[in-house]
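Order of listing sets the numbers, starting from 1, for every ligand and every atom in it. Just so it is clear, the values below take in all heavy atoms, side chains as well, and ignore hydrogens, waters and symmetry mates. Throughout, residue positions are numbered sequentially from 1 according to the sequence presented.
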Amino acid sequence: MWAAGVLIVAFLATIAVGVAGSALQPPSHVETIDPTKVWNDPRFAHPGVTVDERGATVVAVGMMFAFMPAEIRVPAGRPVTFRLTSADVVHGFQIVGTNGNTMVVPGYISQFTTVFREPGEYLIVCNEYCGLGHHLMSAKLIVEEGGARP
Ligand code: CUA
């Protein structure tokens with residue numbers, strides 16, 4: 001009994017450490033979209049990056065078996081908000097080596113904000129099995145020192 005209780009406390013503690021220590025949290029932003037009309041929706045008609053004085057916003061679409069856009073440039077050291085959706089099935093969006101990681105679910109817009117301290121090139125992979133070309137589904141994130149200023 002006590003051992004089970006200790007384990008439960010330990011599991012809860014790992015969640016608390018992840019939230020407080022690594023700023024990991026499930027995307028809680030509930031916004032829906034018609035998955036059959038992604039390309040006509042004004043929110044996703046022009047995927048890409050916009051930069052303003054507060055940081056950057058990345059609008060991207062996951063589809064079998066690519067991300068659009070396939071290359072994303074953002075500034076280092078400033079908040080970057082990702083807004084993602086799928087044009088077909090469930091995909092993943094994991095920026096390897098960072099805390100950027102979310103499911104991309106048709107019908108929903110996944111949104112999260114993070115800051116990239118280290119300039120460099122990061123690999124973005126789909127981490128949800130989405131079909132025969134799943135292993136080919138990737139994109140590149142380029143974090144630039146200073147980055148594009150508005
Ligand atoms: Cu998309 Cu796996």
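Of the listed residues (Val80, Val58, Ile95), just one forms a side-chain contact (heavy atoms from CB on, under 4.5 Å) with Leu141, and that residue is Ile95.
Side chains of Asn101 and Phe112 form no contact here, defined as non-hydrogen atoms less than 4.5 Å apart. Taking 4.5 Å as the limit, every side-chain heavy atom of Leu84 sits out of range of all side-chain heavy atoms of Ile109.
Angle SG(Cys126) to atom 1 (Cu) of ligand 1 to SG(Cys130): 120° [nearest 10 degrees].
Distances from atom 1 (Cu) of ligand 1 show that Tyr129 has no N/O/S atom below 2.8 Å.
Atom 1 (Cu) of ligand 1 lies closest to atom ND1 when only the N/O/S atoms of His91 are considered. As for Glu128, its N/O/S atom nearest atom 2 (Cu) of ligand 1 is the one called O. Within His134, ND1 is the N, O or S atom that lies nearest to atom 2 (Cu) of ligand 1.
The two atoms that bring Val51 and Arg78 nearest to each other are CG1-NH2, 4.0 Å, heavy atoms only. Nearest heavy atom pair, residue Val59 against residue Phe44, reads CG1-CD2, 3.4 Å.
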